[in-house]
2 protein chains.
Amino acid sequence: MRLLVVEDEEDLVESLRVGLVRSGYAVDTAPTVDTALEKLAVNDYDLVLLDLMLPDGDGFSVCREIRTAPGGPRILMLTARDRLADRVRGLDEGADDYLVKPFALPELLARIRALLRRDDGGTAVVEVGELRLDTARFEAFRGDRALQLTPKEFGVLHYLMTRPGEVIGAEELLEHVWDENADPFTNTVRVTVGSLRRKITGEDEPLIETVIRQGYRLKDAI
Amino acid sequence: MRLLVVEDEEDLVESLRVGLVRSGYAVDTAPTVDTALEKLAVNDYDLVLLDLMLPDGDGFSVCREIRTAPGGPRILMLTARDRLADRVRGLDEGADDYLVKPFALPELLARIRALLRRDDGGTAVVEVGELRLDTARFEAFRGDRALQLTPKEFGVLHYLMTRPGEVIGAEELLEHVWDENADPFTNTVRVTVGSLRRKITGEDEPLIETVIRQGYRLKDAI
DNA sequence: CAGGTGGTGACATTCCCTGGACAACGTCCA
DNA sequence: TGGACGTTGTCCAGGGAATGTCACCACCTG
């Protein structure tokens with residue numbers, strides 16, 4: 001699942017990113033209305049965390065933009081406590097839910113799960129071909145075979161599974177699964193993908209292939 | 001399970017706190033509407049005990065605030081005897097149950113159990129695999145073997161049993177089983193889970209497993 | 001005062017991440 | 001075709017973070 005966090009307070013963004021990534025989401029961020037609209041045009045998000053107070057305007061325009069097309073991402077609004085009118089208006093403009101700042105991370109995670117669940121139809125389970133990932137139970141399977149994954153491997157696989165069949169570069173993995181301290185020249189992605197690939201493959205045929213100079217691709221079997 | 005007691009009579013608050021803590025609940029308190037709203041924003045409660053007569057307003061606003069978001073805590077209203085209209089209105093505003101003051105502690109405990117039970121499904125007895133928890137009698141069994149648990153251990157096990165098979169982080173346990181005075185950097189969760197795990201395991205195979213860097217998981221038997 | 005409970009800090013242990021070295025592979029071009 | 005060079009895969013060991021355990025203390029209760 002890929003999220004866009006539209007928020008300008010840097011500290012809040014960072015703690016959100018860490019918490020969300022830890023929960024297995026791929027996280028992009030945008031500090032302004034402009035960058036948010038740009039990223040929304042280019043990428044396909046599952047959910048947008050939208051602060052209403054932004055340096056170059058309010059979040060309502062983003063709301064409206066998202067709602068112009070059907071099948072867009074869910075919207076979870078973040079509002080200040082004393083802005084009851086904003087909350088009402090936000091829901092009118094098409095937000096799916098809102099949360100009042102300050103909030104507890106577990107509650108945010110719960111709401112996000114609740115919203116994303118509407119897509120999946122009930123569970124925290126992601127499936128691609130023979131692969132099945134249960135994010136609540138932190139379990140992974142290929143067919144009936146349970147995979148014993150470390151958190152990083154789990155995160156990488158989860159991210160790949162959000163966009164099956166697409167080529168995803170090592171840079172992008174580093175950006176989304178590792179945190180901001182990651183050395184951009186590290187080879188830890190190669191190592192992690194390597195061990196993940198070995199565990200997934202087992203006795204069967206490989207599911208993660210390398211597209212040279214481009215990145216990795218998860219086969220979305222039929 | 002973590003409760004918020006919204007009530008301004010200090011004596012009552014204290015006796016409630018004692019009674020509830022003895023039953024294995026984590027208890028926070030708020031004497032005013034304001035503090036209640038603050039704590040509700042920051043913490044993730046399972047149930048709110050709500051007095052309607054408060055120094056800075058009535059409890060209905062708290063009710064409404066809780067109900068604005070789905071998946072919030074249960075609400076158990078406390079009302080004066082002669083306020084039938086309040087009771088009706090309270091239920092309309094979203095309270096799950098009410099109790100007329102003065103009341104007997106055992107009855108309050110029974111109602112709380114009934115409300116919290118709605119998450120689980122049915123009776124005062126929670127069962128997961130070989131484990132059985134009688135929340136009314138405060139007894140725990142693995143198969144036929146009685147477990148001698150302390151209140152904290154009981155609380156942890158109860159919480160784990162509400163979501164069997166899911167990975168539950170130490171943070172979340174701290175949030176739901178401990179109260180607001182808990183040091184966020186404490187290792188008391190590790191210690192408590194450790195002793196609980198030893199008692200549950202006994203001679204058999206372990207039922208609480210650790211998912212490294214993520215939390216604990218209670219095996220839900222097949 | 002004795003016993004139980006729960007919290008703390010020190011320490012041991014386990015396990016994962018990561019950087020470095022190097023091998024294997026692909027690509028390009030003389 | 002073969003060598004140079006860049007890219008990717010693999011092994012390995014050190015460091016460090018997360019977890020488990022223990023001894024001890026503070027507090028409460030009967």
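The sequence lines fix the lettering, A, B, ..., with proteins before strands; numbering per chain opens at 1. FYI, side chains are in, hydrogens and waters are out, and symmetry mates aren't considered; it's all heavy atoms of this structure.
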Test item: A:Lys199 and A:Thr150 side chains (from C-beta on) under 4.5 Å apart, heavy atoms
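Touching, per the 4.5 Å side-chain cut-off.
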Tell me, do A:Asp51 and A:Leu12 make a side-chain contact under 4.5 Å, heavy atoms counted?
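Of all side-chain heavy-atom pairs linking A:Leu12 with A:Asp51, none is under 4.5 Å.
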Please collect all ring pair (Phe, Tyr, Trp, His ring centres under 6.0 Å) contacts where either partner lies in residues 126-146 of chain B, sequence neighbours excluded, each pair once.
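Residue pairs with at least one partner in residues 126-146 of chain B: B:Phe138-B:Phe154.
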Calculate the interatomic distance between [X] atom [atom1] and [N] atom [atom2]; express it in whole Å.
| X | N | atom1 | atom2 | result |
| --- | --- | --- | --- | --- |
| B:Ile208 | D:dT19 | CD1 | C1' | 14 Å |
| B:Leu174 | C:dT8 | CG | C1' | 14 Å |
| B:Glu209 | C:dT14 | CD | P | 18 Å |
| B:Glu171 | D:dA18 | CD | P | 11 Å |
| B:Asn181 | D:dC27 | CG | C1' | 15 Å |
| A:Glu153 | C:dT18 | CD | P | 12 Å |
| A:Arg217 | D:dT8 | CZ | P | 14 Å |
| B:Glu180 | C:dG7 | CD | P | 14 Å |

Is the side chain of B:Thr192 donor-acceptor paired with the backbone N or O of B:Val189 at a distance under 3.5 Å, no angle test?
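Such a contact is absent between B:Thr192 side chain and B:Val189 backbone.
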Among all residues two or more places apart in sequence or in another chain, which pass the side chain to side chain contact (heavy atoms under 4.5 Å, CB included) test with B:Pro55?
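Counting only residues at least two positions away or on another chain, B:Pro55 forms a side chain to side chain contact (heavy atoms under 4.5 Å, CB included) with B:Asp8, B:Thr32.
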Looking only at side chains, do B:Ser23 and B:Arg113 share a donor and an acceptor under 3.5 Å apart?
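Distance-only check fails for B:Ser23 and B:Arg113.
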Of all residues at least two apart in sequence or in a different chain, which pass the ring-ring contact (aromatic ring centres under 6.0 Å, His included) check with B:Tyr159?
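Applying ring-ring contact (aromatic ring centres under 6.0 Å, His included) to B:Tyr159 gives B:His176.
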Which comes earlier along DNA chain D counting from the 5' end, the contact point of B:Arg22 or that of B:Gly215, where each point is its nearest nucleotide?
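Of the two residues, B:Gly215 wins.
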First encountered from the 5' end of DNA chain D, between B:Arg197 and A:Gln214
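Its nearest nucleotide lies further toward 5', so the answer is A:Gln214.
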Between [N] and [X], is there an OP1 or OP2 to side-chain N/O distance shorter than 4.0 Å?
| X | N | value |
| --- | --- | --- |
| B:Trp178 | C:dG7 | yes |
| B:Thr210 | D:dA18 | no |
| B:Tyr216 | D:dG20 | yes |

The contact string for nucleotides 19-29 of chain C, one letter per nucleotide 5' to 3', using protein heavy atoms under 4.0 Å with B, S and - for base, sugar-phosphate only and none, comes out as BBB----SS--
Is there any salt bridge (charged side-chain N to carboxylate O under 4.0 Å, His left out) pair reaching into residues 14-27 of chain B, and which pairs are they, with sequence neighbours excluded?
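Residue pairs with at least one partner in residues 14-27 of chain B: B:Glu14-B:Arg17.
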Atom pairs under 3.5 Å, N or O on each side, protein against nucleotides 2-5 of chain C: can you list them with distances?
none

Salt bridge between B:Arg111 and B:Asp97, side-chain N to carboxylate O under 4.0 Å?
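Judged by the 4.0 Å cut-off on N to carboxylate O distance, B:Arg111 and B:Asp97 do form a salt bridge.
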